[in-house]
Q: 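Before anything else, here's the structure in question.
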Amino acid sequence: MRRVNGWLAILWILMIPISLVMGWLDSVVYVSALSLWALVSGHWSAWQAARVEVAQLEDAKMREKEDLVAEVVEALLARTNVEPAETGR
(Lines give C-alpha, C1' and ligand atoms only; values in the text may rest on other atoms or scores of the structure.)
Protein backbone atom coordinates (compact mmCIF):
# COMPACT_ATOMS: atom_id res chain seq x y z
CA MET A 1 0.00 0.00 0.00
CA ARG A 2 2.88 2.39 0.68
CA ARG A 3 4.08 2.03 -2.90
CA VAL A 4 0.60 2.65 -4.30
CA ASN A 5 0.08 5.70 -2.08
CA GLY A 6 3.48 7.04 -3.06
CA TRP A 7 2.70 6.78 -6.77
CA LEU A 8 -0.72 8.34 -6.26
CA ALA A 9 0.89 11.25 -4.42
CA ILE A 10 3.33 11.77 -7.30
CA LEU A 11 0.46 11.57 -9.79
CA TRP A 12 -1.52 14.24 -7.97
CA ILE A 13 1.53 16.48 -7.69
CA LEU A 14 1.99 16.18 -11.45
CA MET A 15 -1.71 16.91 -11.96
CA ILE A 16 -1.42 20.38 -10.35
CA PRO A 17 0.28 22.14 -13.28
CA ILE A 18 -1.69 20.07 -15.82
CA SER A 19 -4.95 21.15 -14.16
CA LEU A 20 -3.88 24.79 -14.24
CA VAL A 21 -2.80 24.70 -17.89
CA MET A 22 -5.89 22.81 -19.08
CA GLY A 23 -8.25 25.08 -17.14
CA TRP A 24 -9.82 22.17 -15.26
CA LEU A 25 -9.87 24.15 -12.01
CA ASP A 26 -12.72 26.19 -13.49
CA SER A 27 -14.79 23.00 -13.82
CA VAL A 28 -17.18 22.33 -10.96
CA VAL A 29 -17.19 18.62 -11.78
CA TYR A 30 -13.37 18.40 -11.65
CA VAL A 31 -13.12 20.33 -8.38
CA SER A 32 -15.94 18.23 -6.88
CA ALA A 33 -14.21 14.99 -7.89
CA LEU A 34 -10.93 16.29 -6.49
CA SER A 35 -12.65 17.22 -3.22
CA LEU A 36 -14.25 13.79 -2.95
CA TRP A 37 -10.89 12.15 -3.57
CA ALA A 38 -9.32 14.31 -0.84
CA LEU A 39 -12.09 13.37 1.56
CA VAL A 40 -11.82 9.65 0.87
CA SER A 41 -8.02 9.56 0.99
CA GLY A 42 -7.99 11.57 4.22
CA HIS A 43 -10.38 9.18 5.93
CA TRP A 44 -8.46 6.20 4.55
CA SER A 45 -5.22 7.59 6.01
CA ALA A 46 -6.81 8.23 9.40
CA TRP A 47 -8.23 4.69 9.46
CA GLN A 48 -4.83 3.20 8.62
CA ALA A 49 -3.16 5.29 11.33
CA ALA A 50 -5.75 4.13 13.88
CA ARG A 51 -5.13 0.49 12.91
CA VAL A 52 -1.40 0.94 13.46
CA GLU A 53 -2.00 2.62 16.81
CA VAL A 54 -4.23 -0.25 17.98
CA ALA A 55 -1.61 -2.81 16.91
CA GLN A 56 1.10 -0.88 18.78
CA LEU A 57 -1.01 -0.73 21.94
CA GLU A 58 -1.71 -4.46 21.79
CA ASP A 59 1.99 -5.15 21.29
CA ALA A 60 2.88 -2.95 24.27
CA LYS A 61 0.34 -4.74 26.48
CA MET A 62 1.74 -8.11 25.43
CA ARG A 63 5.29 -6.99 26.23
CA GLU A 64 4.22 -5.78 29.66
CA LYS A 65 2.81 -9.22 30.45
CA GLU A 66 5.91 -11.17 29.50
CA ASP A 67 8.98 -11.29 31.72
CA LEU A 68 11.84 -11.64 29.27
CA VAL A 69 14.60 -11.69 31.90
CA ALA A 70 12.99 -14.55 33.81
CA GLU A 71 12.52 -16.51 30.59
CA VAL A 72 16.20 -16.08 29.67
CA VAL A 73 17.34 -17.17 33.13
CA GLU A 74 15.08 -20.24 33.02
CA ALA A 75 16.40 -21.17 29.57
CA LEU A 76 20.01 -20.82 30.75
CA LEU A 77 19.37 -22.92 33.83
CA ALA A 78 17.66 -25.59 31.74
CA ARG A 79 20.55 -25.79 29.25
CA THR A 80 23.47 -25.59 31.65
CA ASN A 81 24.51 -27.11 34.94
CA VAL A 82 25.03 -23.82 36.73
CA GLU A 83 24.93 -24.21 40.50
CA PRO A 84 24.67 -21.45 43.06
CA ALA A 85 28.06 -20.36 44.38
CA GLU A 86 28.81 -21.41 47.94
CA THR A 87 29.66 -18.64 50.29
CA GLY A 88 32.49 -20.09 52.36
CA ARG A 89 32.50 -17.54 55.13
Q: Quick one: list whatever passes side-chain hydrogen bond (donor to acceptor under 3.5 Å, both in side chains) with Gln48, sequence neighbours left out.
A: Arg51
Q: Trp12, Val4: one ILVMFWY side-chain cluster at the under-4.5 Å cut-off?
A: yes
Q: Applying side-chain contact (heavy atoms from CB on, under 4.5 Å), run through Trp37 and Leu8 and close with a yes or a no.
A: CA-CA 11 Å; Trp37 171 252; Leu8 286 173; 4.1 Å; yes
Q: With rounding to the nearest 0.5 angstrom, report the CG to NZ distance, Leu57 to Lys61.
A: 6.5 Å
Q: Name each donor-acceptor pair under 3.5 Å that joins a side chain in residues 16-35 to protein atoms two or more places apart or in another chain, with its distance.
A:
from, atom 1, to, atom 2, distance (Å)
Ser19, OG, Met15, O, 2.7
Ser19, OG, Tyr30, OH, 2.4
Ser27, OG, Val29, N, 3.4
Ser27, OG, Tyr30, N, 3.2
Ser32, OG, Val28, O, 2.8
Ser35, OG, Val31, O, 2.9

Q: Would you say CD of Glu53 has more than 12 non-hydrogen atoms from neighbouring residues, nucleotides or ligands within 6.0 angstrom?
A: no
Q: With sequence neighbours excluded, tell me which residues meet side-chain hydrogen bond (donor to acceptor under 3.5 Å, both in side chains) with Asp59.
A: Arg63
